[in-house]
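One structure is given here, and the rest of the page talks about it.
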Amino acid sequence: MKKRISALLCSLALVCALILPVWGSSGSTVYLLAVGDKFYDAYRPVAVNGVVYVPYTIFDRTATGVDLGVYYGITPERGTILTLYSLSGMLTFTMQMGTCEDNLGNSMSFHARWRNAIPYVPAAAVCSFFGLQYSFLPTTDRGTLIRITNPNSPGLADGFFLQSAQGAMAYRYNQIIQSQNPQPTPTPAPTPTPPPATSRPPTGSNNGDTRVYFALDASQAQGDWTGLFPSGAYALFLFTPDSLPEQASLVRKAVAAGHSVGLLADPTLDSQGVLEELERGNELLSHIARIKTRFYAFPEGPIFSQTDVLSAEGWIRWQANWHTAPNPANVQGMLNGGPSLIRMDLSETLPTHIYRVVSTLQNGGYDLRRPLETEL
């Protein structure tokens, strides 16, 4: 009887998610996410055939405070699995097979999906199974807010929360809309004197032919740096192996937001020492976010000459060929006539300036690319 009731509840949750308004599954709908009384601007829900999915990390109590345990790993028998659990029950998603079952062995009528290289899970179904509150809150000017709350924890009612988060939601919503529908740069009226050479691209230039990749040293980051990047722009977040335990939350948030992760190595070590340090970093990453990386970089300092040894072991070196301008407003002008492939280091850029640098290039039509191991 318990098995039937559990399966019935989850089926009902899935049906509720499927009967969202027709426009809820439209590609033009902007979904935002909140957990409890906190708005998470770095996490973007996605809707597939009317079902809203969220990154599994949202349910990790160490990342957001939602009171669920999470296991994400690989088993010999079933391949990649994701397990969400609490005292009340457990859900196990088998990624390769596209299945889900509870702790009693019941097959669920929903499954997880890959997005941004991590599992996304159906929000309404998971909330129903674990007794969490799932709220679908459309607005007229800020998109649709997906809010997950714990009924046992005091917090704002949905209406009051929408009011309290109005500014943050509107700001994030406008960022997303602007990235999806970039406004053309108006052509200036002719003037008797030509503009300065660095004020705008020369006539006939095509900024879209210039690929730009971003990276930054996030080892000493304070807070969530994924929010420093406008929607549609991604970076390579670099960490020293020693910093990973302290920055575990940022690593998970960076992965969930679609950014890449790499390792900063010590150039004073010999090649064997660097390899051991990188492997130690990957071991930590596998525990923190169930990922491994092949990206590595060296901080400014001594030159490491044995990069061919690391390349032979499959490691890919990030090496910046451009550093940002002291004045973020001038960055586009300084790139005019630069190389067609720019690897920009943002490590020395003030956090308050990173958004301006990236958005200036984004609005200028540059081809901002996600740092992928297959491209660099």
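Values reported hereafter were calculated over all heavy atoms of this structure, with side chains retained and with hydrogens, waters and symmetry mates removed.
At least one side-chain heavy atom of Leu310 sits less than 4.5 Å from a side-chain heavy atom of Leu275. With contacts defined as side-chain heavy-atom distances shorter than 4.5 Å, the pair Leu346/Met344 qualifies. The shortest distance between side-chain heavy atoms of Leu216 and Trp225 falls below 4.5 Å. By the 4.5 Å heavy-atom criterion applied to side chains, Arg44 and Leu33 are not counted as neighbours. No side-chain heavy atom of Val70 sits under 4.5 Å from any side-chain heavy atom of Tyr85. Within the 4.5 Å cutoff, the side chain of Asn321 has heavy atoms near those of the Ile342 side chain. When side chains are defined from C-beta on, Pro119 counts as touching Trp114, because their heavy atoms get closer than 4.5 Å. At least one side-chain heavy atom of Trp315 sits less than 4.5 Å from a side-chain heavy atom of Glu279.
Counting only distance, with no hydrogens or angles, the side chain of Arg343 and the backbone of Gln319 share a donor-acceptor pair below 3.5 Å. Remark: side-chain polar atoms of Asn363 are paired, donor with acceptor, to backbone N or O of Ser359 under 3.5 angstrom. Distance alone, capped at 3.5 Å, places no donor-acceptor pair between the Ser286 side chain and the Ile291 backbone. Judged by distance alone, with hydrogens and angles left aside, the side-chain atoms of Gln247 form a donor-acceptor pair with the main-chain N or O of Ala221 at under 3.5 Å. Between the side chain of Arg290 and the main chain of Thr80, no donor-acceptor pair closer than 3.5 Å is present. Remark: the backbone N or O of Met90 is paired with a side-chain donor or acceptor of Asn103 at under 3.5 angstrom. A donor-acceptor contact shorter than 3.5 Å is absent between the side chain of Thr57 and the backbone of Arg252. Under a 3.5 Å cut-off, the side chain of Glu277 and the backbone N or O of Pro241 do not form any donor-acceptor pair. Checking side-chain atoms of Thr139 against main-chain N and O of Gly143 turns up a donor-acceptor pair under 3.5 Å. Asn282 places a side-chain N or O within donor-acceptor distance of the main-chain N or O of Thr293, the cut-off being under 3.5 Å.
Nearest heavy-atom pair, Phe295 versus Leu236, reported as atom, atom and distance to 0.1 Å: CD1-CD1, 3.7 Å. When all heavy atoms are compared, the tightest approach of Leu238 to Ala215 is CD1-CB, 4.4 Å. Considering all non-hydrogen atoms of both residues, Ala235 and Pro371 come closest at C-CG, 3.8 Å. Between Cys127 and Gln133, the shortest heavy-atom contact is SG-O, 4.4 Å. Contact detail for Tyr56 and Ala289: the closest heavy-atom pair is OH-O, 4.0 Å. Shortest non-hydrogen contact noted between Leu278 and Ala265 is CD2-CB, 4.1 Å.
Cluster annotation: Ile81 is not connected to Tyr120 through the hydrophobic network of ILVMFWY side chains, with a link wherever side-chain heavy atoms come within less than 4.5 Å. No continuous path of ILVMFWY side-chain contacts below 4.5 Å connects Leu82 to Tyr71, so the two sit in separate hydrophobic clusters. Under a hydrophobic clustering in which Ile, Leu, Val, Met, Phe, Trp and Tyr are joined whenever their side-chain heavy atoms come within less than 4.5 Å, directly or via other members, Phe110 and Met97 fall into different clusters. Both Val35 and Val46 are part of a single hydrophobic cluster, where members link through side-chain heavy atoms under 4.5 Å apart. Hydrophobic clustering keeps Leu87 apart from Phe59 (ILVMFWY residues linked when any side-chain heavy atoms are closer than 4.5 Å, directly or through intermediates).
Each of Leu264, Leu263, Leu244 was compared with Ser219 under the side-chain contact (heavy atoms from CB on, under 4.5 Å) criterion, and only Leu264 meets it. If you run side-chain contact (heavy atoms from CB on, under 4.5 Å) between Leu156 and each of Leu162, Thr149, Asp37, only Asp37 comes through.
Rounding to the nearest 0.5 angstrom, the gap separating the CZ atom in Arg172 from the CD1 atom in Ile177 is 11.0 Å. The OG atom of Ser347 sits 11.5 Å away from atom CD of Gln220, with the distance rounded to the nearest 0.5 Å. Within the model, atoms CG of Leu284 and NZ of Lys292 stand 11.5 Å from one another, a figure rounded to the nearest 0.5 Å. Separating the OH atom in Tyr173 from the OG atom in Ser231 is a distance of 12.5 Å, to the nearest 0.5 Å. Atom CZ in Arg211 sits 4.5 Å away from atom CG in Leu341 (nearest 0.5 Å). Interatomic distance, Tyr72 OH to Phe93 CZ, rounded to the nearest 0.5 Å: 13.0 Å.
In this view, Phe239 satisfies the ring-ring contact (aromatic ring centres under 6.0 Å, His included) rule with no residue, not counting sequence neighbours.
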Subject >> Step-by-step side-chain hydrogen bond (donor to acceptor under 3.5 Å, both in side chains) determination, Arg113 to Tyr53 >> reply: CA-CA 8 Å; Arg113 294 177 176 271; Tyr53 292 79; 3.2 Å; yes

Subject >> Step-by-step side-chain hydrogen bond (donor to acceptor under 3.5 Å, both in side chains) determination, Thr240 to Asp242 >> reply: CA-CA 5 Å; Thr240 63; Asp242 289 340; 5.7 Å; no

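Using the six-membered ring where Trp is involved, Tyr171 and Tyr355 have ring planes that are tilted, between 30° and 60° apart. Ring planes of Tyr234 and His259: perpendicular class, angle over 60° (limits at 30 and 60°).
Within 6.0 Å of CD on Gln96 lie more than 12 heavy atoms contributed by other residues, nucleotides or ligands.
Remark: Arg147 is positioned above the aromatic ring of Phe161, its terminal NZ or CZ atom under 6.0 angstrom from the ring centre and at most 45 degrees off the axis.
Between Thr94 and Arg78, the side chains place a donor N or O and an acceptor N or O closer than 3.5 Å (distance only, hydrogens not considered).
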